[in-house]
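Encoded as structure tokens, the structure appears first; notes follow it.
Proteins come first, then strands; the chains are lettered A, B, ... in the order of their sequence lines, and each starts at number 1.
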2 protein chains.
Amino acid sequence: MLILLVEDDAVLAAQTIDFLNAEGIEVDYAATLGRAKEIAAQTASFDKYDAIILDMSLPDGNALSLLQQSLAGFDAPVLFCTAATDLDDKLAAFAAGALDYITKPFALPELAVRVKLLAGKVSKCNQVFELGSLHVDFSAKIVRRGNRTIVLSPQQWQLLTLLAEQAPTPVSKAQILRHIWPDSEVNNNMYKSLLTRLRHNLSRDNEPSVIQTLKGQGVALRESS
Amino acid sequence: MLILLVEDDAVLAAQTIDFLNAEGIEVDYAATLGRAKEIAAQTASFDKYDAIILDMSLPDGNALSLLQQSLAGFDAPVLFCTAATDLDDKLAAFAAGALDYITKPFALPELAVRVKLLAGKVSKCNQVFELGSLHVDFSAKIVRRGNRTIVLSPQQWQLLTLLAEQAPTPVSKAQILRHIWPDSEVNNNMYKSLLTRLRHNLSRDNEPSVIQTLKGQGVALRESS
DNA sequence: CTATACTGTTACCTTGTGGTTACCATGCTA
DNA sequence: TAGCATGGTAACCACAAGGTAACAGTATAG
């Protein structure tokens, strides 16, 4: 992941860059508005960046102008950042197209989280779960096994996502019951049927099973061993 | 736009609801975690909401548990909100799946902006959408399939753009109903008719269908596989 | 003002879901 | 060994959800 940091305070910038690097985020750095605009010109409106952190108060002008000028081609999401707690500033930033806002002083871990969220939102970084030949795309709600696309019923999808989230940790029967039938009286057979059906859909023919039962502990999503 | 507010402070809740209503945002309200869970059960994991504002400290438990329990089926984005400025709280919330975080006391206009952002209302509408032989030009409002130009009714155009924005992620029936018939009591048949008509217009003869139904999950714009 | 198209409504059909029952396999315990 | 608990499978079927066509009232355009 590559982001652009526009910030005039050299010390803060250095700290931020160090922290983000440690999180696995690469950072390009511009200390002034002028430098940021140069980069914009070179990179076709920040095309290459997953996100931009923009300090509001820069020595050579207000950062809002950057958003407003370049907004047309802006592909990268912008996180605004300023010392001012003034509400009008915030609203102006959002109005100009910022997607998030953080006030100084901020904690670096929080900044990192927000940057990752921003970058993920736009790149539609679909959360995907893979296990052997099983492939689950959570946002698009697609399940594939090898090159075969699998259609799951609502209940089966719910169960699969629950298992995938916890995998390879087993999920107890009680948890599953509560999760899928939150209110109604639950019959143990419903649970058994659901599991059988999901198993059947996930491994046709003689593909290896991916749902393992641990007696008394529940059910886990892992490769057969 | 419809959101869910989970907040135990009745005064603050009333103020928030008033303000959001004035912004054109409808608000459902839950004062306790228990009530929120009831709503979750009724509405198939908050399917009908565009966003959820969740107060961290509730009388009957910590709101994080709601996220963790129900996360599997969570369609709506969550904005966390709390009096604590404790960094750990923030990070825990983000880790649990929150997409934004705001600390009390907050300014209502800022909350409104963040909610709108979350709900995706500010989605950047791509100029052109393509899928197989289907070609949609949003700004010119033209739809083509191969070399045949297609004319859509207003409703059908609305639906197509909604689907295209989210593609290939499926859009739930609840979302569609709210988007196309925002106020009126909606009849399920209207939805069925609209879908049939759009399908019919988009694929005459024996062109492959581009609108896939995922049982219980909604409808998605993707190539038939 | 007339013709056309849009949209809400009804009726009917198809499909798949999911609760249910019945039966079998395994492993533990008395 | 019988008895029981846990877990797996298959088949049945009521019923809800989805799909289609036809009709009518109303809006819209020419």
Side-chain angles (χ1 to χ4, degrees), chain A residues 141 143 149-160 162-163 170-177 179-206 208-221 224, chain B residues 41-44 47-48 73 141 143 149-160 163 170-177 179-206 208-221 224:
Chain A
K141 303 196 173 172
V143 184
T149 302
I150 297 175
V151 182
L152 293 180
S153 78
Q155 277 189 345
Q156 290 169 40
W157 172 261
Q158 268 191 284
L159 177 55
L160 178 62
L162 180 62
L163 293 177
V171 182
S172 76
K173 190 203 292 195
Q175 250 180 295
I176 295 178
L177 295 184
H179 189 260
I180 299 196
W181 298 276
D183 23 42
S184 62
E185 281 287 304
V186 199
N187 179 329
N188 186 39
N189 294 321
M190 292 150 68
Y191 165 80
K192 292 198 292 180
S193 287
L194 175 57
L195 247 179
T196 298
R197 284 165 179 155
L198 181 57
R199 275 210 181 89
H200 180 255
N201 277 334
L202 289 188
S203 44
R204 265 215 252 291
D205 305 324
N206 45 10
S209 172
V210 283
I211 300 183
Q212 255 71 26
T213 308
L214 291 97
K215 274 221 169 171
Q217 311 207 18
V219 173
L221 206 57
S224 64
Chain B
Q42 286 164 20
T43 62
D47 210 19
K48 56 188 278 205
K141 299 201 173 185
V143 185
T149 302
I150 297 175
V151 183
L152 292 180
S153 77
Q155 278 189 344
Q156 289 170 40
W157 173 258
Q158 266 191 286
L159 177 55
L160 179 62
L163 292 177
V171 182
S172 76
K173 184 187 343 187
Q175 265 178 287
I176 295 177
L177 294 183
H179 189 258
I180 300 195
W181 299 276
D183 18 49
S184 63
E185 275 295 301
V186 201
N187 179 330
N188 185 37
N189 295 320
M190 292 150 68
Y191 163 80
K192 293 197 291 180
S193 288
L194 175 57
L195 248 181
T196 298
R197 284 162 181 157
L198 179 57
R199 275 210 182 88
H200 180 255
N201 278 335
L202 288 187
S203 47
R204 265 215 254 289
D205 306 325
N206 44 10
S209 173
V210 283
I211 300 183
Q212 253 74 27
T213 313
L214 290 98
K215 311 162 243 213
Q217 315 229 31
V219 172
L221 208 57
S224 63

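For Pro154(A), there are no side-chain contact (heavy atoms from CB on, under 4.5 Å) partners, not counting sequence neighbours. Every residue meeting the side-chain contact (heavy atoms from CB on, under 4.5 Å) condition with Gln158(B), not counting sequence neighbours, appears here in chain and number order: His179(B), Ile180(B).
At distances below 3.5 Å, at least one donor-acceptor pair connects side-chain atoms of Gln175(B) with backbone N or O atoms of Ser172(B).
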Its contact letters, B for base, S for sugar-phosphate only and - for none at protein heavy atoms under 4.0 Å, make nucleotides 24-30 of chain D read -------
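Within the structure, side-chain hydrogen bond (donor to acceptor under 3.5 Å, both in side chains) contacts touching residues 192-202 of chain A (residues at least two apart or in different chains) are Gln156(A)-Asn201(A), Arg199(A)-Thr213(A).
With a heavy-atom cut-off of 4.0 Å to chain B, the contacted part of DNA chain C has its first and last nucleotide at dC6(C) to dT17(C).
Nearest approach of Leu160(B) to Val143(B), heavy atoms of both residues: CD2-CG2, 3.9 Å. Taking each heavy atom of Ala220(B) and Pro170(B) in turn, the nearest pair found is CB-CA, 3.6 Å. For Ser203(A) against Pro208(A), the heavy-atom pair with the smallest separation is CB-O, 4.0 Å.
Contact of the Tyr191(A) side chain with the Val219(A) side chain is registered, since non-hydrogen atoms from C-beta on lie closer than 4.5 Å.
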Please produce a list of atom pairs where a protein N or O lies less than 3.5 Å from an N or O of nucleotides 15-22 of chain D.
unit_1	atom_1	unit_2	atom_2	d
dG18(D)	OP2	Lys173(B)	NZ	2.7
dG19(D)	OP1	Arg199(B)	NH2	3.3
dG19(D)	OP1	Thr213(B)	OG1	2.6
dG19(D)	O6	Lys192(B)	NZ	2.6

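The OG atom of Ser153(A) lies 11.5 Å from the CG atom of Leu214(B); values are rounded to the nearest 0.5 Å.
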Evaluate the criterion side-chain contact (heavy atoms from CB on, under 4.5 Å) for residue pair Leu194(A) and Trp181(A); output intermediate values, then yes/no. CA-CA 12 Å; Leu194(A) 175 57; Trp181(A) 298 276; 3.8 Å; yes
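In terms of position along DNA chain C, the nucleotide closest to Asn187(B) lies nearer the 5' end than the nucleotide closest to the other residue of the pair Asn187(B) and Asn187(A). Closest-nucleotide positions on DNA chain C for Pro154(B) and Leu152(A) were compared, and the one nearer the 5' end corresponds to Pro154(B).
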